[in-house]
Amino acid sequence: MSLRDNINPTGMFILANMVFAFLFNSAFGYGLATAYSVFTFILMLTFRSRIVYSSAIMVGAVIAFLYCPVGLTFGPPDLNAMTSVAYTDKAESLEFLMSISVWKWLISISILLSAMSCCLLKTKTNFVLPRILSLLSIFCFFSMPIKAAYQENNFSLLDSHYPPIRFVNDARNAYKQVSADKAFYEHNMKMPDDWDNDIHDDNYNTVVIVIGESVRRDFMSAYGFPVNNTSFMQSTPGIIFTDYISSGPATVLSLTHSLYRFKNGQIEYNNSIVRLLDKSGYHTSWISNQGVFGSSDSPVSLAGKQADEYHFVKNGSSNKFLYSPDEKILPLVSDALHRKGKKAIFIHLMGSHPMACVRTNGQYETFFRSKEESCYVQSIKNTDALLSRVYAMLGQNSNSWAMMYFADHGLMVVDKGASEERLQHADKYQNNYDVPLFVTTSSMKESQKITAPRSGFDLIPLVTQMVGITEPSIDIKCNLYSNEACSNDRVVLKKDGTLVPYNSLAREETLY
Ligand SMILES: [Zn+2]
(Lines give C-alpha, C1' and ligand atoms only; values in the text may rest on other atoms or scores of the structure.)
Protein backbone atom coordinates (compact mmCIF):
# COMPACT_ATOMS: atom_id res chain seq x y z
CA MET A 1 0.00 0.00 0.00
CA SER A 2 1.39 3.40 -0.94
CA LEU A 3 1.25 6.46 1.24
CA ARG A 4 -1.33 7.91 -1.08
CA ASP A 5 -3.74 5.13 -0.25
CA ASN A 6 -3.34 5.89 3.42
CA ILE A 7 -4.58 9.46 3.03
CA ASN A 8 -8.29 9.23 3.12
CA PRO A 9 -9.86 12.46 1.73
CA THR A 10 -12.90 12.16 3.95
CA GLY A 11 -10.66 11.67 6.98
CA MET A 12 -8.62 14.74 6.02
CA PHE A 13 -11.79 16.75 5.53
CA ILE A 14 -13.09 15.76 8.96
CA LEU A 15 -9.76 16.60 10.56
CA ALA A 16 -9.60 20.04 8.92
CA ASN A 17 -13.12 20.76 10.14
CA MET A 18 -12.21 19.75 13.68
CA VAL A 19 -9.13 21.99 13.72
CA PHE A 20 -11.03 24.92 12.29
CA ALA A 21 -13.99 24.55 14.68
CA PHE A 22 -11.67 24.53 17.66
CA LEU A 23 -9.49 27.50 16.57
CA PHE A 24 -12.48 29.52 15.40
CA ASN A 25 -14.28 29.26 18.73
CA SER A 26 -11.16 30.13 20.73
CA ALA A 27 -10.38 33.23 18.69
CA PHE A 28 -12.86 35.58 20.34
CA GLY A 29 -11.27 35.62 23.77
CA TYR A 30 -13.82 33.53 25.69
CA GLY A 31 -11.42 30.70 26.44
CA LEU A 32 -11.41 27.22 24.90
CA ALA A 33 -15.21 26.86 24.45
CA THR A 34 -14.89 23.08 23.92
CA ALA A 35 -18.60 22.25 23.78
CA TYR A 36 -19.25 25.00 21.27
CA SER A 37 -16.31 23.75 19.18
CA VAL A 38 -17.74 20.22 19.07
CA PHE A 39 -21.15 21.48 18.03
CA THR A 40 -19.65 23.82 15.41
CA PHE A 41 -17.78 20.82 14.01
CA ILE A 42 -20.97 18.77 13.81
CA LEU A 43 -22.80 21.61 12.10
CA MET A 44 -19.99 22.07 9.56
CA LEU A 45 -20.40 18.46 8.43
CA THR A 46 -24.05 18.95 7.52
CA PHE A 47 -23.47 21.36 4.64
CA ARG A 48 -24.08 19.89 1.17
CA SER A 49 -23.42 22.83 -1.13
CA ARG A 50 -19.75 23.61 -1.49
CA ILE A 51 -20.44 27.29 -2.20
CA VAL A 52 -22.62 27.85 0.84
CA TYR A 53 -20.17 25.90 3.00
CA SER A 54 -17.10 27.78 1.73
CA SER A 55 -18.72 31.22 2.00
CA ALA A 56 -19.85 30.63 5.57
CA ILE A 57 -16.46 29.27 6.65
CA MET A 58 -14.43 32.03 4.99
CA VAL A 59 -16.54 34.87 6.43
CA GLY A 60 -16.17 33.39 9.92
CA ALA A 61 -12.48 32.72 9.36
CA VAL A 62 -11.67 36.28 8.31
CA ILE A 63 -13.44 37.79 11.35
CA ALA A 64 -11.76 35.31 13.70
CA PHE A 65 -8.38 35.87 12.02
CA LEU A 66 -8.63 39.63 12.54
CA TYR A 67 -9.77 39.52 16.15
CA CYS A 68 -7.76 36.51 17.34
CA PRO A 69 -4.49 38.32 18.32
CA VAL A 70 -6.50 40.87 20.32
CA GLY A 71 -8.84 38.23 21.75
CA LEU A 72 -5.96 36.07 22.97
CA THR A 73 -4.24 39.09 24.53
CA PHE A 74 -7.09 41.08 26.04
CA GLY A 75 -10.09 38.76 25.88
CA PRO A 76 -13.53 39.54 24.51
CA PRO A 77 -14.47 43.01 23.24
CA ASP A 78 -15.36 44.67 26.54
CA LEU A 79 -15.50 48.30 27.49
CA ASN A 80 -11.70 48.43 27.79
CA ALA A 81 -10.98 46.98 24.36
CA MET A 82 -13.62 49.14 22.71
CA THR A 83 -12.32 52.28 24.34
CA SER A 84 -8.89 51.50 22.97
CA VAL A 85 -10.39 51.31 19.52
CA ALA A 86 -12.22 54.58 20.04
CA TYR A 87 -9.25 56.51 21.43
CA THR A 88 -6.35 55.01 19.50
CA ASP A 89 -4.98 56.55 16.35
CA LYS A 90 -3.47 54.69 13.37
CA ALA A 91 0.16 54.85 14.49
CA GLU A 92 -0.81 53.55 17.92
CA SER A 93 -2.86 50.73 16.42
CA LEU A 94 0.11 49.65 14.35
CA GLU A 95 2.42 49.73 17.37
CA PHE A 96 -0.19 47.82 19.33
CA LEU A 97 -0.43 45.09 16.69
CA MET A 98 3.35 44.87 16.60
CA SER A 99 3.49 44.41 20.36
CA ILE A 100 1.42 41.19 20.17
CA SER A 101 3.53 38.05 20.40
CA VAL A 102 4.33 36.01 17.32
CA TRP A 103 2.63 32.82 18.45
CA LYS A 104 -0.71 34.63 18.67
CA TRP A 105 -0.29 35.71 15.07
CA LEU A 106 0.56 32.13 14.14
CA ILE A 107 -2.68 30.89 15.71
CA SER A 108 -4.48 33.61 13.84
CA ILE A 109 -2.94 32.51 10.53
CA SER A 110 -3.75 28.88 11.33
CA ILE A 111 -7.42 29.85 11.38
CA LEU A 112 -7.19 31.07 7.79
CA LEU A 113 -5.14 28.07 6.68
CA SER A 114 -7.48 25.53 8.28
CA ALA A 115 -10.48 27.32 6.75
CA MET A 116 -8.87 27.16 3.31
CA SER A 117 -8.10 23.47 3.77
CA CYS A 118 -11.73 22.86 4.70
CA CYS A 119 -12.89 24.58 1.51
CA LEU A 120 -10.37 22.76 -0.73
CA LEU A 121 -11.13 19.34 0.73
CA LYS A 122 -14.88 19.82 0.62
CA THR A 123 -16.54 17.22 -1.59
CA LYS A 124 -20.11 16.07 -1.92
CA THR A 125 -20.48 14.40 1.43
CA ASN A 126 -23.57 13.19 3.09
CA PHE A 127 -23.04 12.51 6.77
CA VAL A 128 -26.21 11.17 8.29
CA LEU A 129 -25.28 11.28 11.98
CA PRO A 130 -24.20 14.98 11.99
CA ARG A 131 -27.50 15.85 10.29
CA ILE A 132 -29.37 14.40 13.20
CA LEU A 133 -26.98 15.85 15.78
CA SER A 134 -27.04 19.31 14.20
CA LEU A 135 -30.38 19.91 15.88
CA LEU A 136 -28.51 19.54 19.14
CA SER A 137 -25.95 22.08 17.91
CA ILE A 138 -28.65 24.66 17.30
CA PHE A 139 -30.08 23.93 20.71
CA CYS A 140 -26.63 24.29 22.30
CA PHE A 141 -25.85 27.59 20.56
CA PHE A 142 -29.09 29.11 21.70
CA SER A 143 -29.39 27.45 25.09
CA MET A 144 -28.88 30.79 26.85
CA PRO A 145 -31.67 32.67 25.02
CA ILE A 146 -33.95 29.64 25.44
CA LYS A 147 -33.21 29.58 29.16
CA ALA A 148 -33.83 33.34 29.42
CA ALA A 149 -37.11 32.98 27.54
CA TYR A 150 -38.19 30.25 29.93
CA GLN A 151 -37.07 32.01 33.12
CA GLU A 152 -37.56 35.70 32.34
CA ASN A 153 -39.94 35.72 29.38
CA ASN A 154 -37.29 37.59 27.46
CA PHE A 155 -35.99 36.15 24.19
CA SER A 156 -33.16 37.55 22.11
CA LEU A 157 -30.96 35.46 19.81
CA LEU A 158 -28.08 37.83 20.64
CA ASP A 159 -28.01 36.57 24.23
CA SER A 160 -26.40 33.38 22.93
CA HIS A 161 -23.05 32.48 24.46
CA TYR A 162 -21.89 30.91 21.18
CA PRO A 163 -18.55 32.77 20.80
CA PRO A 164 -19.13 34.48 17.42
CA ILE A 165 -22.63 35.65 18.41
CA ARG A 166 -21.49 36.67 21.88
CA PHE A 167 -18.61 38.55 20.28
CA VAL A 168 -20.93 40.59 18.07
CA ASN A 169 -23.24 41.34 20.99
CA ASP A 170 -20.44 42.32 23.39
CA ALA A 171 -18.76 44.51 20.78
CA ARG A 172 -22.06 46.23 20.03
CA ASN A 173 -22.86 46.89 23.71
CA ALA A 174 -19.36 48.10 24.56
CA TYR A 175 -19.38 50.38 21.54
CA LYS A 176 -22.72 51.89 22.56
CA GLN A 177 -21.41 52.50 26.09
CA VAL A 178 -18.16 54.06 24.90
CA SER A 179 -19.95 56.37 22.48
CA ALA A 180 -22.35 57.48 25.20
CA ASP A 181 -19.50 58.09 27.67
CA LYS A 182 -17.44 59.91 25.09
CA ALA A 183 -20.36 62.14 24.14
CA PHE A 184 -21.01 62.85 27.82
CA TYR A 185 -17.42 63.87 28.63
CA GLU A 186 -17.03 65.86 25.46
CA HIS A 187 -20.27 67.71 26.01
CA ASN A 188 -19.21 68.58 29.54
CA MET A 189 -15.73 69.56 28.49
CA LYS A 190 -17.09 72.02 25.96
CA MET A 191 -19.06 73.82 28.62
CA PRO A 192 -17.24 76.88 29.91
CA ASP A 193 -15.80 76.53 33.38
CA ASP A 194 -17.32 78.25 36.40
CA TRP A 195 -14.08 79.05 38.18
CA ASP A 196 -14.13 82.43 39.83
CA ASN A 197 -10.63 82.97 41.01
CA ASP A 198 -8.73 85.65 42.78
CA ILE A 199 -5.04 85.09 42.43
CA HIS A 200 -2.57 86.65 44.81
CA ASP A 201 0.42 88.49 43.39
CA ASP A 202 2.93 86.70 45.54
CA ASN A 203 2.30 83.20 44.24
CA TYR A 204 4.83 80.90 42.67
CA ASN A 205 6.03 81.32 39.14
CA THR A 206 6.28 77.60 38.38
CA VAL A 207 4.01 74.85 39.67
CA VAL A 208 4.71 71.14 39.15
CA ILE A 209 2.17 68.51 40.11
CA VAL A 210 3.33 64.91 39.86
CA ILE A 211 0.60 62.26 39.89
CA GLY A 212 2.05 58.96 41.05
CA GLU A 213 0.55 55.58 40.28
CA SER A 214 -0.45 52.76 42.66
CA VAL A 215 1.82 53.77 45.56
CA ARG A 216 0.98 52.52 49.00
CA ARG A 217 2.79 54.66 51.52
CA ASP A 218 3.68 51.88 53.98
CA PHE A 219 5.99 50.62 51.19
CA MET A 220 7.99 53.87 51.32
CA SER A 221 10.87 54.42 53.71
CA ALA A 222 9.61 57.99 54.24
CA TYR A 223 6.68 56.33 56.00
CA GLY A 224 8.66 53.67 57.88
CA PHE A 225 9.27 50.96 55.28
CA PRO A 226 12.48 49.03 56.14
CA VAL A 227 14.08 49.23 52.66
CA ASN A 228 15.45 52.69 51.88
CA ASN A 229 13.57 53.66 48.71
CA THR A 230 12.61 57.33 49.18
CA SER A 231 15.85 59.12 49.99
CA PHE A 232 14.81 62.20 48.02
CA MET A 233 11.54 62.66 49.91
CA GLN A 234 13.25 62.09 53.25
CA SER A 235 16.15 64.46 52.71
CA THR A 236 14.44 67.35 50.89
CA PRO A 237 13.01 70.36 52.69
CA GLY A 238 9.25 70.05 52.37
CA ILE A 239 6.08 68.70 53.94
CA ILE A 240 5.32 65.01 54.23
CA PHE A 241 1.60 64.44 54.88
CA THR A 242 1.36 61.30 56.99
CA ASP A 243 -2.43 60.83 56.78
CA TYR A 244 -3.49 61.73 53.23
CA ILE A 245 -5.88 59.25 51.59
CA SER A 246 -6.96 58.90 47.97
CA SER A 247 -10.60 59.39 47.08
CA GLY A 248 -10.83 56.09 45.17
CA PRO A 249 -9.16 52.66 44.86
CA ALA A 250 -8.29 52.89 41.15
CA THR A 251 -6.87 55.51 38.78
CA VAL A 252 -10.03 56.79 37.19
CA LEU A 253 -12.31 56.82 40.19
CA SER A 254 -9.64 58.52 42.22
CA LEU A 255 -8.40 61.10 39.73
CA THR A 256 -11.80 62.12 38.42
CA HIS A 257 -12.78 62.91 42.03
CA SER A 258 -9.54 64.81 42.66
CA LEU A 259 -8.76 66.68 39.45
CA TYR A 260 -12.33 67.86 38.79
CA ARG A 261 -14.60 69.73 41.16
CA PHE A 262 -16.99 67.29 42.84
CA LYS A 263 -20.13 69.04 43.93
CA ASN A 264 -23.49 67.70 45.13
CA GLY A 265 -22.46 64.16 44.22
CA GLN A 266 -21.55 65.12 40.63
CA ILE A 267 -18.20 65.41 38.90
CA GLU A 268 -18.07 68.70 37.00
CA TYR A 269 -16.00 67.80 33.94
CA ASN A 270 -15.84 71.44 32.89
CA ASN A 271 -14.20 72.48 36.15
CA SER A 272 -10.79 70.87 36.37
CA ILE A 273 -7.76 71.98 38.33
CA VAL A 274 -6.02 72.32 34.96
CA ARG A 275 -8.49 74.96 33.85
CA LEU A 276 -8.39 76.72 37.19
CA LEU A 277 -4.62 77.16 36.93
CA ASP A 278 -4.99 78.19 33.31
CA LYS A 279 -7.53 80.84 34.31
CA SER A 280 -5.16 81.96 37.05
CA GLY A 281 -2.59 82.98 34.49
CA TYR A 282 -0.49 79.83 34.21
CA HIS A 283 0.48 78.26 30.92
CA THR A 284 -0.55 74.63 31.52
CA SER A 285 1.16 71.47 30.24
CA TRP A 286 0.17 67.86 30.79
CA ILE A 287 2.88 65.26 30.33
CA SER A 288 1.74 61.69 30.75
CA ASN A 289 3.40 58.32 30.57
CA GLN A 290 -0.03 56.72 30.73
CA GLY A 291 -2.00 56.16 27.57
CA VAL A 292 -4.73 58.41 26.31
CA PHE A 293 -6.91 55.36 26.17
CA GLY A 294 -8.22 52.74 28.50
CA SER A 295 -11.90 52.97 29.28
CA SER A 296 -10.91 53.87 32.50
CA ASP A 297 -8.37 56.48 31.69
CA SER A 298 -10.33 58.55 29.25
CA PRO A 299 -11.83 61.13 31.66
CA VAL A 300 -8.38 61.48 33.20
CA SER A 301 -6.70 62.11 29.88
CA LEU A 302 -9.47 64.59 29.09
CA ALA A 303 -8.29 66.63 32.07
CA GLY A 304 -4.88 66.51 30.41
CA LYS A 305 -6.32 67.62 27.12
CA GLN A 306 -7.69 70.73 28.81
CA ALA A 307 -4.10 71.90 29.18
CA ASP A 308 -2.60 74.42 26.75
CA GLU A 309 -0.14 71.73 25.73
CA TYR A 310 -0.25 67.98 26.27
CA HIS A 311 1.98 65.01 25.56
CA PHE A 312 1.14 61.35 25.99
CA VAL A 313 4.41 59.45 25.95
CA LYS A 314 4.32 55.71 25.79
CA ASN A 315 5.97 52.65 24.50
CA GLY A 316 3.85 50.98 21.85
CA SER A 317 0.28 51.33 22.89
CA SER A 318 -0.65 52.50 26.33
CA ASN A 319 -0.68 48.80 26.95
CA LYS A 320 0.05 48.18 30.60
CA PHE A 321 2.09 45.08 29.74
CA LEU A 322 4.94 46.95 28.13
CA TYR A 323 8.02 48.45 29.73
CA SER A 324 7.87 52.20 29.34
CA PRO A 325 10.09 53.94 31.90
CA ASP A 326 8.88 57.22 33.36
CA GLU A 327 12.26 58.86 32.65
CA LYS A 328 11.04 59.26 29.07
CA ILE A 329 9.04 62.28 30.20
CA LEU A 330 12.08 64.18 31.50
CA PRO A 331 13.06 65.92 28.21
CA LEU A 332 9.46 67.13 27.88
CA VAL A 333 9.50 68.39 31.47
CA SER A 334 12.74 70.21 30.75
CA ASP A 335 11.21 71.88 27.67
CA ALA A 336 8.14 72.91 29.65
CA LEU A 337 10.32 74.38 32.42
CA HIS A 338 12.32 76.43 29.94
CA ARG A 339 9.22 78.23 28.79
CA LYS A 340 9.09 81.90 29.81
CA GLY A 341 6.37 83.18 32.12
CA LYS A 342 4.14 81.48 34.67
CA LYS A 343 3.61 77.81 34.06
CA ALA A 344 1.93 74.81 35.64
CA ILE A 345 3.15 71.37 34.63
CA PHE A 346 1.23 68.19 35.37
CA ILE A 347 3.15 64.93 35.19
CA HIS A 348 1.23 61.64 35.16
CA LEU A 349 3.49 58.68 35.85
CA MET A 350 3.14 54.97 35.14
CA GLY A 351 4.90 54.61 38.51
CA SER A 352 4.20 51.36 40.34
CA HIS A 353 1.17 50.12 38.41
CA PRO A 354 0.82 46.31 38.53
CA MET A 355 2.70 44.40 37.17
CA ALA A 356 5.57 45.99 39.02
CA CYS A 357 8.26 43.93 37.27
CA VAL A 358 7.06 45.33 33.94
CA ARG A 359 7.61 48.83 35.37
CA THR A 360 11.21 48.08 36.39
CA ASN A 361 11.99 45.76 33.47
CA GLY A 362 12.43 42.92 35.96
CA GLN A 363 15.17 44.77 37.86
CA TYR A 364 15.42 45.38 41.61
CA GLU A 365 18.22 46.17 44.03
CA THR A 366 16.81 44.68 47.23
CA PHE A 367 14.83 41.48 47.59
CA PHE A 368 11.63 41.87 49.61
CA ARG A 369 9.42 38.77 50.13
CA SER A 370 8.88 37.97 46.41
CA LYS A 371 10.17 39.00 43.01
CA GLU A 372 7.08 41.02 42.13
CA GLU A 373 7.07 42.78 45.50
CA SER A 374 10.79 43.54 45.18
CA CYS A 375 10.05 45.16 41.82
CA TYR A 376 7.26 47.13 43.51
CA VAL A 377 9.66 48.47 46.14
CA GLN A 378 12.09 49.29 43.34
CA SER A 379 9.45 51.08 41.26
CA ILE A 380 8.86 53.42 44.21
CA LYS A 381 12.60 54.03 44.41
CA ASN A 382 12.64 54.83 40.69
CA THR A 383 9.81 57.33 41.14
CA ASP A 384 11.68 58.94 44.05
CA ALA A 385 14.76 59.28 41.84
CA LEU A 386 12.65 60.82 39.09
CA LEU A 387 11.21 63.33 41.58
CA SER A 388 14.71 64.34 42.58
CA ARG A 389 15.59 64.99 38.93
CA VAL A 390 12.49 67.14 38.41
CA TYR A 391 13.36 68.97 41.65
CA ALA A 392 16.89 69.63 40.42
CA MET A 393 15.59 70.98 37.09
CA LEU A 394 13.16 73.25 38.94
CA GLY A 395 15.97 74.78 40.97
CA GLN A 396 17.95 75.47 37.80
CA ASN A 397 15.10 77.15 35.96
CA SER A 398 13.32 79.23 38.55
CA ASN A 399 13.62 80.65 42.03
CA SER A 400 9.89 80.71 42.65
CA TRP A 401 8.32 77.32 42.38
CA ALA A 402 6.11 74.78 44.14
CA MET A 403 6.07 71.03 43.58
CA MET A 404 3.52 68.46 44.73
CA TYR A 405 3.64 64.68 44.53
CA PHE A 406 0.81 62.35 45.44
CA ALA A 407 -0.36 58.92 44.32
CA ASP A 408 -3.76 58.03 42.91
CA HIS A 409 -4.40 55.01 45.17
CA GLY A 410 -2.77 52.18 47.12
CA LEU A 411 -2.97 48.42 46.50
CA MET A 412 -3.57 45.19 48.41
CA VAL A 413 -1.07 42.38 49.02
CA VAL A 414 -2.33 39.08 47.59
CA ASP A 415 -1.09 35.47 47.70
CA LYS A 416 0.67 36.27 50.96
CA GLY A 417 3.58 33.99 51.70
CA ALA A 418 3.63 32.49 48.20
CA SER A 419 6.41 33.09 45.71
CA GLU A 420 3.86 35.02 43.61
CA GLU A 421 3.09 37.44 46.45
CA ARG A 422 2.21 40.72 44.76
CA LEU A 423 0.09 43.85 44.97
CA GLN A 424 -3.13 44.42 43.14
CA HIS A 425 -6.02 46.90 43.03
CA ALA A 426 -8.58 46.52 45.83
CA ASP A 427 -11.03 48.56 47.90
CA LYS A 428 -11.10 46.35 50.96
CA TYR A 429 -8.66 47.96 53.38
CA GLN A 430 -7.69 51.45 54.49
CA ASN A 431 -4.24 50.66 53.07
CA ASN A 432 -5.77 50.60 49.56
CA TYR A 433 -6.31 54.35 50.01
CA ASP A 434 -3.23 55.25 52.08
CA VAL A 435 -0.99 57.15 49.69
CA PRO A 436 1.91 59.58 49.90
CA LEU A 437 1.52 63.34 49.62
CA PHE A 438 4.65 65.47 49.55
CA VAL A 439 4.91 69.20 48.91
CA THR A 440 8.06 71.24 48.52
CA THR A 441 8.51 74.87 47.45
CA SER A 442 11.36 77.26 46.78
CA SER A 443 10.66 78.96 50.11
CA MET A 444 10.82 75.84 52.31
CA LYS A 445 14.01 75.38 54.30
CA GLU A 446 13.30 72.32 56.44
CA SER A 447 11.42 69.03 56.54
CA GLN A 448 8.08 69.02 58.24
CA LYS A 449 5.31 66.49 58.85
CA ILE A 450 1.60 67.14 58.80
CA THR A 451 -0.26 64.40 60.65
CA ALA A 452 -3.77 65.85 60.38
CA PRO A 453 -6.13 63.82 58.16
CA ARG A 454 -6.29 64.99 54.55
CA SER A 455 -8.23 63.58 51.57
CA GLY A 456 -8.00 63.31 47.79
CA PHE A 457 -11.45 64.93 47.63
CA ASP A 458 -9.61 68.08 48.74
CA LEU A 459 -6.86 67.90 46.16
CA ILE A 460 -8.03 71.08 44.41
CA PRO A 461 -7.90 73.16 47.65
CA LEU A 462 -4.56 71.51 48.46
CA VAL A 463 -3.26 72.84 45.15
CA THR A 464 -4.87 76.28 45.41
CA GLN A 465 -3.61 76.77 48.97
CA MET A 466 -0.14 75.71 47.88
CA VAL A 467 -0.17 78.13 44.94
CA GLY A 468 -2.02 80.96 46.63
CA ILE A 469 -5.28 81.10 44.70
CA THR A 470 -8.54 81.96 46.43
CA GLU A 471 -11.62 80.53 44.75
CA PRO A 472 -14.97 81.19 46.47
CA SER A 473 -16.62 77.88 45.51
CA ILE A 474 -13.87 75.91 47.24
CA ASP A 475 -15.40 75.66 50.65
CA ILE A 476 -12.33 74.72 52.64
CA LYS A 477 -12.01 77.33 55.32
CA CYS A 478 -9.11 75.83 57.24
CA ASN A 479 -5.42 75.81 56.53
CA LEU A 480 -4.62 72.45 54.95
CA TYR A 481 -0.91 73.21 55.33
CA SER A 482 -1.08 73.08 59.11
CA ASN A 483 -2.03 70.44 61.64
CA GLU A 484 -5.54 71.83 61.86
CA ALA A 485 -8.06 68.99 61.63
CA CYS A 486 -10.25 70.23 58.80
CA SER A 487 -12.76 67.39 58.64
CA ASN A 488 -12.77 64.21 60.65
CA ASP A 489 -15.35 62.17 58.79
CA ARG A 490 -13.49 61.26 55.63
CA VAL A 491 -15.17 59.11 52.98
CA VAL A 492 -13.73 57.00 50.18
CA LEU A 493 -15.18 55.54 46.99
CA LYS A 494 -15.60 51.78 46.67
CA LYS A 495 -14.96 50.14 43.28
CA ASP A 496 -18.65 50.47 42.36
CA GLY A 497 -18.60 54.20 43.06
CA THR A 498 -20.45 54.15 46.40
CA LEU A 499 -19.10 56.27 49.23
CA VAL A 500 -18.21 54.68 52.58
CA PRO A 501 -16.56 56.14 55.68
CA TYR A 502 -12.81 55.54 55.58
CA ASN A 503 -12.96 54.52 59.24
CA SER A 504 -15.39 51.68 58.44
CA LEU A 505 -12.61 49.86 56.57
CA ALA A 506 -10.21 47.45 58.32
CA ARG A 507 -6.44 47.76 58.20
CA GLU A 508 -4.39 45.16 56.39
CA GLU A 509 -2.01 43.15 58.52
CA THR A 510 1.44 44.68 58.36
CA LEU A 511 4.24 42.84 56.54
CA TYR A 512 7.12 44.17 58.60
ZN1 LIG B 1 -3.89 53.98 39.38
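Just the heavy atoms: all of them, side chains too, but no hydrogens, waters or symmetry mates, feed the values below. Note that the structure is a prediction, hence the values are computed from the model and not measured. Counting starts at 1 for both ligands and their atoms, in listed order.
Taking the ring centre of Tyr244 as origin, the terminal cationic atom of Arg454 falls outside the region bounded by 6.0 Å and 45° from the ring axis. A cation-pi contact, defined as under 6.0 Å to the ring centre and within 45° of the axis, is absent between Lys343 and Tyr282.
Metal site remark for the Zn ion (ligand 1): Thr251 contributes an N, O or S atom at a distance under 2.8 Å. Counting backbone and side-chain atoms alike, His353 contributes no N/O/S atom closer than 2.8 Å to the Zn ion (ligand 1).
Within Asp408, the N, O or S atom at minimum distance from the Zn ion (ligand 1) carries the name OD2. The name of the N, O or S atom in Glu213 nearest to the Zn ion (ligand 1) is OE2.
Other residues, nucleotides and ligands contribute over 12 non-hydrogen atoms within 6.0 Å of the CG atom of Asp194.
Judged purely by atom type and a 3.5 angstrom limit, Ser379 has no side-chain atom pairing as donor or acceptor with the backbone of Thr360.
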